[in-house]
Amino acid sequence: MLVYPVEHHVPDDVPQRSPDDRRQALAALLGHARAAVLEALQDGGTTTELARRAGVLPSSASQHTSVLRNAGLVRSVRRGRAVVHSLTPLGATLLRCGSLPPLLTRY
């Protein structure tokens, strides 16, 4: 058996959108609050930090990060009493493009 890692990258034919267009596309896909939490994750942070940046309650931020984590867009690590969240490569691509690359939307 021959196994090699497949490198995933954003294809060149993904349309480049303005930040406002990306924000609107993400909101349409995920909902405004979840898109705001995903956007707040650009620099990572604790649940409390994400809640503050996204303008939602900490309990709501926790719920949104759970859904985003289950979708493979976020990774979360417990550090003491806090949980620190960061974007996965797929989450970063979705945030950067405002949509999934064509390769991932075909299936």
Side-chain angles (χ1 to χ4, degrees):
M1 173 175 16
L2 176 64
V3 178
Y4 68 95
V6 177
E7 186 174 326
H8 297 281
H9 67 280
V10 179
D12 294 332
D13 62 347
V14 173
Q16 296 300 313
R17 298 178 175 164
S18 72
D20 286 340
D21 288 345
R22 285 194 306 266
R23 194 170 290 116
Q24 288 176 357
L26 280 176
L29 176 67
L30 302 173
H32 290 284
R34 196 157 291 145
V37 170
L38 187 68
E39 193 169 345
L41 276 162
Q42 288 183 76
D43 298 322
T46 66
T47 304
T48 302
E49 291 168 340
L50 297 177
R52 183 180 37 77
R53 286 186 223 147
V56 297
L57 294 171
S59 59
S60 181
S62 179
Q63 181 181 19
H64 291 309
T65 55
S66 178
V67 171
L68 294 168
R69 184 175 47 255
N70 290 337
L73 303 174
V74 172
R75 76 174 55 90
S76 302
V77 177
R78 179 164 290 283
R79 298 241 168 86
R81 295 180 65 191
V83 177
V84 179
H85 309 281
S86 60
L87 292 173
T88 63
L90 181 60
T93 298
L94 179 61
L95 187 61
R96 187 173 63 252
C97 297
S99 64
L100 293 174
L103 176 65
L104 297 175
T105 58
R106 290 185 191 142
Y107 304 102

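Along the sequence shown, residues are numbered consecutively beginning with 1.
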Quiz prompt | Over all atoms of both residues, closest heavy-atom pair of R53 and G45 | solution = NH2-CA, 4.2 Å
Quiz item: Would V83 and L38 show up in the same hydrophobic cluster when neighbours are defined by side-chain heavy atoms closer than 4.5 Å?
Solution: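 Unlinked, V83 and L38 end up in two clusters.
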Quiz item: Rounded to the nearest 0.5 Å, what separation is found between the CG atom of L73 and the OG1 atom of T93?
Solution: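 Separation between the atoms: 10.0 Å.
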Quiz item: Just how far is it from atom OG1 of T46 to atom CZ of R79, taken to the nearest 0.5 Å?
Solution: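 Here the interatomic distance stands at 11.5 Å.
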Exercise. Kindly compute the distance separating CG (L57) from OG1 (T48), expressed to the nearest 0.5 Å.
Key: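 Result: 11.0 Å between the selected atoms.
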Quiz item: Roughly how far, to the nearest 0.5 Å, is the CG atom of L94 from the CG atom of L68?
Solution: 9.0 Å
Self-check item: Heavy-atom closest contact (R81 atom, R78 atom, distance)
Solution: O-NH1, 3.5 Å
Self-check item: Minimum-distance pair of heavy atoms, taken over all atoms of L41 and S86
Solution: CD2-N, 4.0 Å
Exercise. Output all residues satisfying side-chain hydrogen bond (donor to acceptor under 3.5 Å, both in side chains) with S76, sequence neighbours left out; order by chain, then residue number.
Key: R69, H85
Quiz item: Is it true that V37 and L95 fall in one hydrophobic cluster, defined by side-chain heavy atoms closer than 4.5 Å?
Solution: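 In one cluster: yes.
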Self-check item: Partner residues of T88 under the side chain to side chain contact (heavy atoms under 4.5 Å, CB included) criterion, sequence neighbours left out
Solution: R75, L90
Exercise. Examine distances only and state if a side-chain atom of S62 and a backbone atom of P58 form a donor-acceptor pair shorter than 3.5 Å.
Key: no
Quiz item: Side-chain contact, heavy-atom cut-off 4.5 Å: V74 with V67?
Solution: no
Self-check item: Nearest-0.5 Å distance that lies between atom CD in E39 and atom NE2 in H32
Solution: 12.5 Å
